[in-house]
Amino acid sequence: MTEWQPTACILCECNCGIQVLVGADGRSFEKIRGDKLHPASAGYTCNKALQLDHYQNGRTGRLTAPLRRRPDGTFEEIDWDTAISEISERLTRIGDEHGGESIFYYGGGGQGNHLGGSYAPATMAAYGMRYRSSALAQEKTGDFWVGARMAGHPVRADIEHAEVALFVGKNPYQSHGFPRARSVLKEIARDPDRSIIVLDPVRTETAELADYHLQLRPGTDVYLLTAMAAILVREDLLAQDWLAAHADGLDEVLTVLRAVPIEKYCAIADVDLDLVTAATRRIARAESVAALEDLGVQMNRYSTVVSYVEKLVWLLTGNLGKPGTQYAFSGLAAIGHDRGHPADSGPRSPVAGARIVSGLVPCNVISEEILTDHPNRYRAMLVESANPAHSLADSARMREALDALDLVVVIDVAMTETARLADYVLPAPTQFEKYEATFFNFEFPRNVFHLRHPVLPAPAGVLPEPEIHARLVEASGAVTEDDYAPLRAALAESREAFAMAFLGLLADRRKAKLAPVLLYRTLGPTLPDGADAAAMLWAAAYNCARKNPEGVERAGYGTGLEAGERLFEAILTGTHGVVITDDDVDETWKRLRDGRVQLHIPELLAVVATLPEPEPEQEWPYVLAAGERRAFTANTIMRDPVWRKRDGGGALRISTADAQRLGLAAGDRVRVTTRRGSTEVPVEPTDRMRAGHLSLPNGLGLTVLDADGSVLTSGAAPNELTEYDSRDEWVGTPWHKYVPARIDTVDA
Ligand SMILES: Nc1nc2c(c(=O)[nH]1)N[C@H]1C(S)=C(S)[C@@H](COP(=O)(O)OP(=O)(O)OC[C@H]3O[C@@H](n4cnc5c(=O)[nH]c(N)nc54)[C@H](O)[C@@H]3O)O[C@H]1N2
Ligand SMILES: Nc1nc2c(c(=O)[nH]1)N[C@H]1C(S)=C(S)[C@@H](COP(=O)(O)OP(=O)(O)OC[C@H]3O[C@@H](n4cnc5c(=O)[nH]c(N)nc54)[C@H](O)[C@@H]3O)O[C@H]1N2
Ligand code: SF4
Ligand SMILES: [Mo]
């Protein structure tokens, strides 16, 4: 092929549009460039997109046939019919003996692929499965829960148009999190009328662009943010009129904030009071403030409480529902939504009794749900597009848990750390060999969706995830030809008749749950160019049009049932991505519960009111941030270590002061020890770090096989060092950025 083909980068949630030129060999990406026609990224990419050939063609341990574990632990190739029927029989047997709810579902998509996982609910329904989780439940569920309690709808930050951008435990220069992040950061930094405020113990690339860098002591954000909220009160900087019009619960919050010992909290955080005051005044003075919190606080002490206080800071200053502040977004799927049950109610996991937020069991309790003789323990796990044996806390314990299960099935493209522990491994096409998309669609006012078409043929022997789910569902007997026949008949008449037949079917709760597979097998084959996998998007488009009629109409799709149909057609044919909704700025207020925000969350405000002084860790002189985003990290999506053009070994960053004291130079090896484990790594002394703080990159320590069969491992796997029970008390998210550690020098 000699033509540039549109697709997207799959290495972070931004999914920048790219164009690829496939080489004469028909399989390699000869050239990659940003896609100027993409409505969100508009030609932007970062350095990582150019390395995507390593995902497609690198030494990844690519899977090309279903595998079954032999008793001796090695794998043998089997055919698809055998794989599906054996897995189906074993799932059915486990369900008969222990109930389908003992089969756990994990994953459903990474940074670039959610389409396949959108068919998994049908498989769950077919086998009576009830509990599930994904990486979101080790990072975002605290934010989701607090958002649901305060607003009834998740919100995002409009950094691009903000006068003041506030980053809390977030380094967008490396990790992105909003479109064209590096360009936007530079634009704000250049503009004398706009400011960047960063709370981070590290002088990151983002902090270097900041007007105010609050370089706090690791793990003390709750004190610093509480002090900032209290300064707003002490200096009478509240948006009083705005709060009266839009918020409830102000009095309770003010009572607590008036009593905050501001000076003492700044001292705990080790940030100069004058700097904190200046940054707080800057927030209060701004026409618009957009705030983005991320892993630096979401995987750290008091994570859920920090999410709450962080929101208080921008709510007390009236920064919601205006351009450049926070907004409630539309979308094709409900990522981030939660019912917002108070702490003493709502769904719980069956063994540990952990709070389920957004339908997800906290990742950190999964091993507890398995390693027990509790009768309701999980007995089997279906893992799809995730690598929990590497990405979840305490890898050794996760391996033990997977080993204790009666059955583990993994759907992936590569022989991952998790796949190696499975009973069956099912191979899928890569994200460039099939129709694929994500539901990370958070833009506002013009929200964007991108259905990517395949740019390369898939090898024989792999099956796309929707087909795997359809076969598993059919093998269970939950769906038969009799279920398809009426839908196909309606479809033969018209799309409109099909819509009516499908709506009728949704009234039957059992069938409604199987809808993904019903759509895939009926509507799917009628879609052009083998786009069967897009069938789910038809229902999603109708749903989007029903929920956001004005935004969909403004985006040019008309009104009523036809709007859903037109939106779907646009998605199907818009190979560069399409605008799905064009919202009015006031739309946020319509999406919030009762059109207002609730400032008072009693359980969390009680914690703020009674914060104890942190106690120093005597035995552990360092705090390790286990899993930093750097120029060449991308979770575990990129397996071949050669993609990393810098920092190949994944250095441990350490302050220059500590390095000098220990007599360490760049590249020297040290042993890092935590309560849980120990590993050897090279060091990189840097004046960006505070004394006493260490950082290891995310996603390293992957094992691949070289062409000659030799095993290659590069860098340290962070979760060999983390503990499953070092976690948030409300939603169970891990404290990976606060791992007490010590280091010992290693003799050369
Ligand atoms: N290059 C790259 N980009 C990625 C990814 C990747 O693997 N590589 N992964 C993607 C994913 S899945 C996610 S969730 C996002 C995550 O994106 P980020 O959250 O931005 O990534 P991190 O580097 O893990 O953590 C952010 C910052 O938290 C700081 N930090 C550490 N301890 C503390 C603390 O006590 N307080 C405060 N305030 N800050 C602290 C760190 O110094 C770091 O700069 O990145 C996405 N983008
Ligand atoms: N200590 C520590 N641990 C962390 C973090 C940290 O900061 N510190 N960060 C955490 C965060 S924020 C996240 S999001 C998680 C991410 O961890 P996971 O959710 O486990 O996901 P990924 O590492 O993104 O891996 C995705 C998997 O999808 C596979 N894959 C790629 N393409 C396809 C496809 O088309 N189909 C299928 N079926 N599979 C495919 C890849 O081979 C890989 O196995 O890691 C977390 N772990
Ligand atoms: S890794 Fe870079 S190029 Fe890829 S989606 Fe994220 S920001 Fe875009
Ligand atoms: Mo993440």
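Values in this document were obtained by computation on a predicted structure and should not be read as measured data. All values below were derived from every heavy atom in this structure, side-chain atoms included, with hydrogens, water molecules and symmetry-related copies excluded. Whatever order the structure lists them in is the order used to number ligands and atoms, beginning at 1.
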(request) Apply ring pair (Phe, Tyr, Trp, His ring centres under 6.0 Å) to Phe178 and Phe442, showing your working. (result) CA-CA 9 Å; Phe178 54 91; Phe442 306 127; over 10 Å; no
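A donor-acceptor pair shorter than 3.5 Å cannot be found between the side chains of Arg629 and Gln174.
The shortest side-chain heavy-atom distance between Leu702 and His390 falls under the 4.5 Å cut-off. Under the 4.5 Å side-chain criterion, counting only non-hydrogen atoms from C-beta, Lys170 is in contact with Ser175. Using a 4.5 Å heavy-atom cutoff, the side chains of Trp80 and Ile468 are in contact.
Cation-pi geometry between Arg33 and Trp4 is met: under 6.0 angstrom from the ring centre, within 45 degrees of the axis. A cation-pi geometry, defined here as NZ or CZ lying under 6.0 Å from the six-membered ring centre and within 45° of its normal, holds between Arg301 and Tyr738. For the pair Arg182 and Tyr173, the cation-pi test (distance below 6.0 Å, angle within 45°) is passed.
For a heavy-atom separation below 4.0 Å, the residues in contact with ligand 2 are Tyr55, Asn113, Ala135, Gln138, Glu139, Leu295, Met299, Ser385, Ala386, Asn387, Ser391, Ile411, Asp412, Val413, Thr416, Pro429, Gln431, Lys434, Glu465, Ala626, Gly627, Arg629, Asn635, Thr636, Ile637, Asn698, Pro718, Asn719, His736, Lys737.
Classification of the Phe329-His337 ring pair by plane angle, with boundaries at 30° and 60°, yields perpendicular.
Shown here are the protein N/O/S atoms lying under 2.8 Å from atom 4 (Fe) of ligand 3, water excluded: Cys9 SG.
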